[in-house]
Chemist: 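Provided herewith is a single structure, encoded as structure tokens, for subsequent inquiry.
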Amino acid sequence: MGLITPDLGLLFWTGLVFVLLLVILTKFIWKPILASVNAREQKISDALELAEKTKAEMHALQAQNENLLKEARAERDAIVKDAKETAVKMVEDAKNTAKAEANKIVESARATINTEKTAAIAELKTQVAAISLEIAEKIIRGELSSDEKQKALAEKMAGDINLN
Amino acid sequence: MSLIFSAKRFFTLIAAMVILTPTYAFHPGEPIPEEEFEVGEMIMHHISDAHEWHLWGGHHNSVSVYLPIILVDGGLKTFSSKHFYHGEHASSVDHKTNEAVAYVKGVGPAAGYAMYHEEIYKLENGELSFEDGHVHGAKSPLDFSITKNVLSLFMGAVLILLIMSNVARFYKKNGPVAPKGLAKYLEVLIVMVRDDIAKANIDHHKYHKYVPYLLTIFFFIFFNNLLGLVPFLPGGANLTGNITVTLFLAVCTLLVTVFSGNKNYWLHIFAMPGVPKPLLIIMIPIELVGILTKPFALMIRLFANISAGHIIILALISIIFINQSAAWGALSVPMALFISVLELLVAFLQAFLFCMLSALFIGAAVEEAHH
């Protein structure tokens, strides 16, 4: 068996073993290993892709949240402003109404007072007239109680008329 | 790892002591001479195939595993190689050089056959005749023996199957998860062959088909290279440094390449586009030779690299025995250790290269025209 002369027996055994090894390894070993490795690589790349996608989604969601927050804030501001305005308006209205009411009351009081005053004055006038009549009556009575007095009076009155 | 280094040192020392007197090379009847240490012969014996697996010891107290001999010679004949190694020692005179050449005749079931330098011959007239150091006239029966290399081949295949089935079981059990245990270490190599060898050299749509072949060839060479570095029984045979094995592997790549070749590939061989017609007379033979030189280079590269590694380590250890002083071990052992470590790299590198170049050739054969 020289160093560089091929040997038939060894060639036969090498061929047999190698071919058997190739068949067995391919069928039962390389296929499942490669399938698993490929599946895992697929899984990893899928997971990475998903992570990337989720990240983008998160970003979108965050932006959306920000917008929502901004909108909410604006709305709140608007509501507060509205409420303030309404309150001011309500106070104003109430003030106005109260003023009008007061004026009305004052007006009606004034009217009542005037009416009362007029009535009082009228009654006072009537009373004064009655009292005046009574006094006049009493005076006349006194004046006319005797003949002298009736004469004196008539004279005086005649004098007054002459003088005029 | 460290186990392999220290085992290698241990082995090389033992081996070198054992090999001081090769078992088959002494003359019966004569007193055992103080043989001179033949470095070349020892090394050649060690990197060649054998019908026994020598464990330790020399001469009569050597301990070997005798491997079965299977001959096809007018029917199947099987017997233990013990009948040669413990056979009848004979010698003949070389017709040309007139020197006595020693060989062994088989006894018992091996009767009628003789073994010279691990080659089995059919005896005619009861003895072998030699001419110029070679056996002359005798026929060799077809020898399908389970030699040292064949046994190493079996053990390598079993080792690959055991380890790889463990890895495959992990994936079957756990599905597509991060690898653990053996799978963690071997997946790196498997993915390397798939991505850096197959995908990098072969068209993206076609490489899948070749991955199992490339994986098999890679692990076959890698594991057998490593086994060759293990100094004792499961290893130590120079399998991937055997020309027969590398020839077979190279032929496999050649066949895969040739049968994968598409129109574009053959067009470049038989009618290189853009080359004037008369030039094709020169180009076609060159291209045809090119088909063969590529796998031929594969065969020689692997054979030479692995054999060289074994030779260097044995030669370094031999320094001790050439100088017949253990003190030389201070020089030879560190050097042998260094080369052993280097050989670990070479074991991987050569498997990678063989696989890479195979992928390159296949890639060139299935490539589509770009222009």
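Below, each value reflects all heavy atoms present in this structure, side chains not excepted, and no hydrogens, waters or symmetry copies. First the proteins, then the strands, lettered A, B, ... as listed; each starts at 1. Quick caveat, the model's predicted, so the values are computed rather than measured.
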Chemist: Does any heavy atom of chain B fall under 4.5 Å from the side chain of A:Ile24, the backbone, both, or neither of them?
Modeler: side chain
Chemist: Using a cut-off of under 4.5 Å for heavy-atom pairs, which of B:Leu161, B:Val251, B:Val167 has the most such pairs with chain A?
Modeler: B:Leu161
Chemist: If you count heavy-atom pairs under 4.5 Å with chain A, which of B:Ile70, B:Val177, B:Leu239 comes out on top?
Modeler: B:Val177
Chemist: Which atoms of B:Ile190 are under 4.5 Å from chain A, going by heavy atoms: the side chain, the backbone, both sets, or neither?
Modeler: side chain
Chemist: With only heavy atoms counted, which part of B:Leu249 is less than 4.5 Å from chain A, the side chain, the backbone, both or neither?
Modeler: side chain
Chemist: Could you grab the distance from atom CG of B:Leu247 to atom CG of A:Leu10, nearest 0.5 Å is fine?
Modeler: 10.0 Å
Chemist: Quick one: what part of B:Arg169 sits under 4.5 Å from any heavy atom of chain A, side chain, backbone, both or neither?
Modeler: neither
Chemist: Under a 4.5 Å cutoff for heavy-atom pairs, which residue among A:Leu8, A:Leu21, A:Thr26, A:Asn38 has the most contacts with chain B?
Modeler: A:Leu21
Chemist: Counting heavy-atom pairs under 4.5 Å with chain B, which one of A:Val19, A:Val37, A:Ile44, A:Leu20 comes out on top?
Modeler: A:Val37
Chemist: Any heavy-atom pair between the side chains of B:Phe303 and A:Ile4 that's under 4.5 Å?
Modeler: yes
Chemist: Return the minimal non-hydrogen interatomic distance between A:Leu3 and B:Ile47, and the atom names on each side.
Modeler: CD1-CD1, 3.5 Å
Chemist: Heavy-atom distances under 4.5 Å only: say whether B:Ser145 touches chain A with side chain, backbone, both or neither.
Modeler: backbone
Chemist: For the NZ atom of B:Lys172 and the CD1 atom of A:Ile29, what is their distance to the nearest 0.5 Å?
Modeler: 7.5 Å
Chemist: Are A:Arg40 and B:Asn174 linked by a side-chain donor-acceptor pair shorter than 3.5 Å?
Modeler: no
Chemist: Atom CG of B:Asn149 and atom CG of A:Asp7: how far apart are they, to the nearest 0.5 Å?
Modeler: 9.0 Å
Chemist: Examine whether an atom of B:Ala183 lies under 4.5 Å from a heavy atom of chain A, and if so say whether it belongs to the side chain, the backbone or both; otherwise answer neither.
Modeler: neither
Chemist: Would you find a donor on one side and an acceptor on the other, under 3.5 Å apart, between the side chain of A:Ser36 and the backbone of B:Pro176?
Modeler: no
Chemist: Looking at B:Thr246, B:Asn242, B:Thr244, which one forms a side-chain contact (heavy atoms from CB on, under 4.5 Å) with A:Pro6?
Modeler: B:Thr244
Chemist: Assess the pair A:Trp30 and B:Tyr213: is the distance between their ring centroids shorter than 6.0 Å?
Modeler: no
Chemist: With a 6.0 Å cut-off (strictly less than), is the heavy-atom count around OH of B:Tyr185, excluding the residue itself, greater than 12?
Modeler: no
Chemist: Return the option, out of B:Ser140, B:Pro179, B:Cys252, B:Gly175, with the maximum number of heavy-atom pairs under 4.5 Å with chain A.
Modeler: B:Pro179
Chemist: Within the structure provided, determine whether A:Leu25 and B:Pro212 are in side-chain contact (heavy-atom separation under 4.5 Å).
Modeler: no
Chemist: Please report the interatomic distance CD1(A:Ile33) to CE(B:Met164), rounded to the nearest 0.5 Å.
Modeler: 6.5 Å
Chemist: When you compare the side chain of A:Leu11 with that of B:Val245, does any pair of heavy atoms fall below 4.5 Å?
Modeler: no
Chemist: Could you tell me whether the side chain of A:Trp13 and the main chain of B:Ile146 form a donor-acceptor pair under 3.5 Å?
Modeler: no
Chemist: Out of B:Leu142, B:Ile217, B:Val191, which one racks up the most heavy-atom pairs below 4.5 Å with chain A?
Modeler: B:Ile217
Chemist: Counting only heavy atoms closer than 4.5 Å, note whether A:Glu41 contacts chain B via side chain, backbone, both or neither.
Modeler: side chain
Chemist: Please determine which of B:Val150, B:Leu153, B:Val158 meets the side-chain contact (heavy atoms from CB on, under 4.5 Å) test together with A:Val17.
Modeler: B:Leu153
Chemist: I'd like to know whether CD of A:Glu123 has more than 12 heavy-atom contacts from other residues, nucleotides or ligands below 6.0 angstrom.
Modeler: no
